[in-house]
Amino acid sequence: MKKDDCLFCKIVAGEIPSTKVYEDDVVYAFEDVNPMMPVHTLIVPKNHYDNVAAGIPNEELGHLFNTAGTVADIKGIKDSGFRIIVNTNDDACQSVHHVHVHVLGGEPMNDGDPSKS
Ligand code: DGP
C-alpha cells in the first residue's frame, strides 16, 4: 500500500529520483541525500508504514532488517562494521514518516552511548 503524500513512497514508485543500492519485491534501498558517513544508505519497505512501531508484519520487518546485511555487503562494509539506526517519532528526530533503516559505515565510529554526546 502506498500513501499519496509520502516522500519515500514516491521514491519507491520512481516518481522522485534516487540512487538505488538494492531492490527486491519487499524493500528498496537507496543512498541518503545527505550522507552523514562515507556509507549512508536507507532501506524502506515498499509498503507504507509510518514507523517501526506501526504494526509491521513480522516477516516484512525481518526482511527489512535482513536487508541491512545485504546492503552492507554490497557497499563493502559487512566485515569492517556498520551501524543501523531507526529513528522513531519526534524525540528521535524522525523527519520522514515512512519507516526506514539507516545503514551507516565506512569509517570507525564512537561507541554510540548517547550519555557521552
Ligand atoms: P530520519 O531523520 O531518520 O527521518 O531520516 C530521513 C533521511 O532521509 C535523512 O537522513 C535524509 C533523507 N532524505 C530526505 N529526503 C530525501 C530525498 O528526497 N532523497 C533521499 N535520497 N534521501 C532523503
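Every number for a ligand or one of its atoms is a count from 1 in the order of the listing. Note that this is a predicted model, so its numbers are computed, not measured.
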- Item | Structural part of E31 in contact with ligand 1, heavy atom criterion under 4.0 angstrom |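 It is the backbone that touches ligand 1; the side chain stays farther off.
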- Answer side chain, backbone, both or neither: which part of S95 comes under 4.0 Å from ligand 1, heavy atoms only.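 The answer is both.
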Find all atoms of ligand 1 within a distance of less than 4.0 Å from any non-hydrogen atom belonging to [X], and give their numbers and elements.
X	result
F30	20 (C), 21 (N)
F8	8 (O)
V96	4 (O), 6 (C)
N87	1 (P), 2 (O), 3 (O)
L7	15 (N), 16 (C), 18 (O)
Q94	4 (O)

Does [X] reach ligand 1, in the sense of a heavy atom lying below 4.0 Å from it?
X	result
M36	no
H100	yes
S18	no

- Evaluate the criterion side chain to side chain donor-acceptor pair (under 3.5 Å) for residue pair N34 and H40; output intermediate values, then yes/no. CA-CA 8 Å; N34 182 25; H40 190 168; over 6 Å; no
- is_close_aromatic(H100, H98), centroid dist under 6.0 Å: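 For H100 and H98, the ring centres are not under 6.0 Å apart.
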- Decide if the gap between the ring center of F8 and the ring center of Y49 is smaller than 6.0 angstrom.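 Centroid distance F8-Y49: not below 6.0 Å, so no.
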- Minimum-distance protein heavy atom relative to atom 22 (N) of ligand 1: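 In this structure, atom 22 (N) of ligand 1 has V33 N, 3.2 Å as its nearest protein heavy atom.
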- Would you sort out whether N51 and Q94 count as a side chain to side chain donor-acceptor pair (under 3.5 Å), showing the intermediate values? CA-CA 9 Å; N51 59 54; Q94 182 182 5; 4.5 Å; no
Is [X] in polar range of ligand 1, meaning some N or O pair under 3.5 Å apart?
X	value
I16	no
N34	no
D32	yes

- Query: How far does CG of L7 sit from CD1 of I16, to the nearest 0.5 angstrom?
  - Reply: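 So the CG of L7 and the CD1 of I16 are separated by 4.5 Å.
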- Message: Between K2 and E15, does any side-chain N to carboxylate O distance fall below 4.0 Å?
- Response: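 Looking at E15 together with K2, the answer is yes, because their closest N to O distance falls below 4.0 Å.
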- Message: Any salt bridge linking K20 with E31? Criterion: basic side-chain nitrogen under 4.0 Å from a carboxylate oxygen.
- Response: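 No, K20 and E31 are not salt-bridged.
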- Task: Give the single entry among I11, V101, L104 that approaches atom 19 (N) of ligand 1 most closely by any heavy atom.
- Result: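 Answer by nearest heavy atom: I11.
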- Side chains of V99 and V86 in contact at under 4.5 Å (non-hydrogen atoms):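 Result yes, sub-4.5 Å side-chain heavy-atom pair found.
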- Task: Could you walk me through whether S18 and Y28 pass the side chain to side chain donor-acceptor pair (under 3.5 Å) test, one step at a time?
- Result: CA-CA 10 Å; S18 64; Y28 182 70; 2.7 Å; yes
- Task: Kindly say whether M1 contributes a backbone atom to a donor-acceptor pair with the side chain of K46 at under 3.5 angstrom?
- Result: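 No, K46 side chain to M1 backbone: no donor-acceptor pair under 3.5 Å.
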